[in-house]
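Residue numbers begin at 1 in each chain, while the letters A, B, ... track the order of the sequences.
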Amino acid sequence: MDYNKLAELLFPNVTDTCEDIENKYPPRNLPEGAKVTRFAPSPTGFIHLGGIYGAMIDERLAHQSGGIFYLRIEDTDAKREVPGAAVELIKTLAEYGMEFDEGAAISPDGEICDKGIYGPFKQSERAHIYHVYAKKLVSEGKAYPVFTTQEELDELNATDKKAEVKSKVWTEEAANAQREEMLKQREFTIDEVEAHLKAGDPFVLRILSEGDGEKKTKVGDLVRGALELPENDEDFVLLKSDGIPTYHFAHAIDDHLMGTTHVIRGEEWLPSLPKHLQLFKYLGFKMPKYLHTAQIMKLDENGNKKKLSKRDMGLDMKDYKRGGYLPECVCEYIMTILNSNYDEWRMQNPEKSYKEFPFSFKKMSNSGCLLDFAKLTDVSKNVISRLTADEVYAKLLPWAEEYDPEFAAVLSADKEKAIRILSIGRGGKKPRKDLATFADAKPYMSLFYNEYFAVIDAYPEKFDNQTVRSAIEGFLQTFDFSDDMNTWFDKIKALADSMGFASDMKAYKAQPDSFKGNVADISSFIRVAVTGKLSSPDMYEVMQVLGKDTVVARINSEIARLS
RNA sequence: GGCCCCUUGGUCAAGCGGCUAAGACGACGCCCUCUCACGGCGUAAUCAUGGGUUCGAUUCCCGUAGGGGUCACCA
């Protein structure tokens, strides 16, 4: 077989050589040890938690080493592409603090554009590059075409391939038949190829695999160590019939030309690693280092770990946004599952950015972890508790504007007040941690606003209305808004004493029977009247924020109700 | 089914031949306290299993089981 002739037949329009391409993309001039990583999503839908997880590893590894972090859009599957998804992807990544040095970006007019000299960064725009290498492989007898008719192709496109693959019964006979079919396709003549081309039949380009599927080769993985994998024995597709490459082919060429040093991807790619080994060998490219990450899982109804699926809460980043989770909280949580010594570091360095943490892939776990909302909540509370009231307000307002406009209106009507509310118990060594998400804000803050205020909790049952009423009446009689906290509370204690309640908790605990109740009970009457609830932040501070008139009005309203 | 990956408390995990097997989240209890938070202290809870190797295995090797992934002109 004259492979050069075959190559010429298949790619008559390709005149560039591989050298021409290589010259256009010179090796990067980076300091020793600098890592070049990429995040390479396909624009087939929303970005998910696993995506952010992977992107954060890419970002840390690159920027921690003084390297380059870039974004490549893997839009090689026109059928699955979702319009506008790429733009959405980039925006979401930006929200999560993923800043790319190079790659696909959004231009001022809202279109995808390229940043840096190694583009184009959309694979659909790189067809000519792939074809140059494809032609070379054909000319060396390392790849060959398989023709189909247009009808067969249409039929292929009509099938739900994923469902078909899933339902497939993997018997030995089926495997053998598949292999025989593959081998048969290797047999053809130049004349046949010419005839097909003349008839306009589309073709795919397949690699001519070398391995026998038995012999093992060793591959290194940054988190898994040495792996033993069988050599590739599959003539997988390089170019689809539309001339666009498959992931495998695009991966080898792009990561080579763009100078990627570290490929970080999910462990679902592990089984296709032999394909990539084969390709890099055929192409004469230097292998990048691989890091296959464990998946983030959930528990299914049978109690088994399962990969997060589209229907699950917690996969789509929009879920987090809607739920009021701050991106920095999610990132903080991801850091805790990325490196288990992160928690410890955070305790020592409460004010630092996570980007100052010495992240190491050596500390990454190689088994999948369960998405743990309890942990996320804890981490989020900590992150938000470290913010100032102004910062919380600045982030809360836009969230509310999108998901609860009415609440947003209330918040912005009196910014000063909102910030005073958010300031309660904030700052200092032991800040309150009331907010894990912005969705917690309204229930927490509602007692401060008359439009939301309601007496929700009942007064403690063991006291009759008469007692409650005289207590809050008594409070009102001596209430002076300008009192400081101690004076204010001393008055409550005095009130307790005058009503036969213990003002000293220790005294009460020693002899509970000699009192009608204690000062905490008195406080709870006032608390329910003023806040509507049995629990609230520090009541003195609450009253200071509410203002004298509101406090008096609420108590009077309760006095009336209890009469 | 073939191939590959994984396996320490409920969860995330430290460990890298000898430890009473860290720590965090969660749970529970106590303390602090005018409530709720916060904080402090404490309790319960883990090496999947069988065989080796070894004076000694959570740690090394082999098998088994369980879980996950993958076997497309999808990425």
> Is the side chain of A:Thr148 donor-acceptor paired with the backbone N or O of A:Leu153 at a distance under 3.5 Å, no angle test?
Replying inline: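 Absent.
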
Considering only nitrogen or oxygen atoms on both sides, find all protein atoms under 3.5 Å from nucleotides 60-70 of chain B and state each distance.
residue	atom	partner	partner atom	Å
B:G68	OP1	A:Lys305	O	3.4
B:G68	OP1	A:Lys306	NZ	2.7

Students often mix this up, so state it plainly: with edges at 30° and 60°, are the rings of [X] and [Y] parallel, tilted or perpendicular?
X	Y	value
A:His251	A:Tyr247	parallel
A:Trp345	A:Phe357	perpendicular
A:His248	A:Phe236	perpendicular

> OP1 or OP2 of B:C4 less than 4.0 angstrom from a side-chain nitrogen or oxygen of A:Lys216, does that happen here?
Replying inline: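 Checking B:C4 against A:Lys216, a side-chain N or O does come within under 4.0 Å of OP1 or OP2.
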
Of the nucleotides [options], which one has an atom closest to the side chain of [X]?
X	options	answer
A:Ser536	B:C5, B:U35, B:A75	B:U35
A:Met485	B:C34, B:C5, B:A14	B:C34
A:Lys509	B:C5, B:U33, B:U35	B:U33
A:Leu153	B:C74, B:C73, B:C36	B:C73
A:Ser241	B:C73, B:A13, B:C3	B:C73
A:Val165	B:C73, B:C3, B:A72	B:A72
A:Asn366	B:C73, B:C4, B:C6	B:C6
A:Thr246	B:C25, B:C34, B:C74	B:C74
A:Ala374	B:A37, B:A72, B:G26	B:G26
A:Ser535	B:C74, B:C36, B:C73	B:C36

Over all strands shown, is [X] touching base, sugar-phosphate only, or nothing at heavy-atom distances under 4.0 angstrom?
X	value
A:Leu370	sugar-phosphate
A:Lys493	nothing
A:Asp538	base
A:Glu74	sugar-phosphate
A:Ser365	sugar-phosphate
A:Leu534	base
A:Val204	base
A:Thr148	base
A:Thr171	nothing
A:Phe489	base

>> Using the ring pair (Phe, Tyr, Trp, His ring centres under 6.0 Å) criterion, which residues pair with A:Phe11? Sequence neighbours excluded.
In response: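 Partners of A:Phe11 under the ring pair (Phe, Tyr, Trp, His ring centres under 6.0 Å) test: A:His131.
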
Atom [atom1] of [X] to atom [atom2] of [N]: distance rounded to whole Å?
X	N	atom1	atom2	value
A:Gln123	B:C74	CD	P	13 Å
A:Asp201	B:C73	CG	P	18 Å
A:Asp378	B:A24	CG	C1'	8 Å
A:Lys363	B:A13	NZ	P	14 Å
A:Asn176	B:C3	CG	P	14 Å
A:Asp255	B:A75	CG	P	15 Å
A:Gln178	B:C3	CD	C1'	13 Å
A:Leu435	B:C36	CG	P	19 Å

So which nucleotide does [N] pair with, by the Watson-Crick or G-U wobble rule with both distances under 3.5 Å?
N	result
B:C71	B:G1
B:C19	none
B:C28	B:G42
B:G63	B:U49
B:C34	none

Heavy atoms, side chains only, cut-off 4.5 Å: are [X] and [Y] in contact?
X	Y	answer
A:Asp254	A:Arg38	no
A:Leu71	A:Phe121	no
A:Leu227	A:Leu270	yes

> What pair of heavy atoms forms the shortest contact from A:Phe489 to A:Ser523, and how long is it?
Replying inline: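 Looking at all heavy atoms of both residues, the shortest contact is CE1-OG, 4.1 Å.
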
>> Could you report the tightest heavy-atom contact between A:His292 and A:Arg224, atom names first, then the distance?
In response: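 Result for this residue pair: O-NH2, 3.2 Å.
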
> Does the side chain of A:Tyr342 come under 3.5 Å of the side chain of A:Glu332 through a donor N or O and an acceptor N or O?
Replying inline: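 Indeed, the side chains of A:Tyr342 and A:Glu332 share at least one donor-acceptor pair under 3.5 Å.
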
>> Please tell me whether A:Ser536 and A:Arg527 have a donor and an acceptor in their side chains that are separated by less than 3.5 angstrom.
In response: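 Distance-only check passes for A:Ser536 and A:Arg527.
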
>> I'd like to know if A:Arg432 reaches the base of B:C36 with its side chain such that a donor and an acceptor end up less than 3.5 angstrom apart.
In response: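 A donor-acceptor contact between them is present.
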
> Has the side chain of A:Ser367 got a donor or acceptor that lies under 3.5 Å from a partner of the other kind on the base of B:C5?
Replying inline: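 No.
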
>> Assuming nearest nucleotide by heavy-atom distance, tell me which of A:Pro537 and A:Glu152 is located more 5' along RNA chain B.
In response: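 Counting from the 5' end, the first nearest nucleotide belongs to A:Pro537.
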
> What do you reckon, do A:Tyr247 and the base of B:C74 stack, with centroid distance below 5.5 Å and planes below 30°?
Replying inline: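 One would not call A:Tyr247 stacked on the B:C74 base.
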
> Looking at A:Tyr325, A:Tyr333, A:Phe46, which one forms a ring pair (Phe, Tyr, Trp, His ring centres under 6.0 Å) with A:Tyr320?
Replying inline: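 Result for ring pair (Phe, Tyr, Trp, His ring centres under 6.0 Å) with A:Tyr320: A:Tyr325.
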
> Which value, in whole Å, describes the distance between the P atoms of nucleotides B:G15 and B:A65?
Replying inline: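 The same atom, P, in both gives a distance of 30 Å.
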
Can you give me the N/O atom pairs linking the protein to nucleotides 39-48 of chain B at distances under 3.5 Å, or say none if there are none?
residue	atom	partner	partner atom	Å
B:G39	OP1	A:Lys433	NZ	2.7

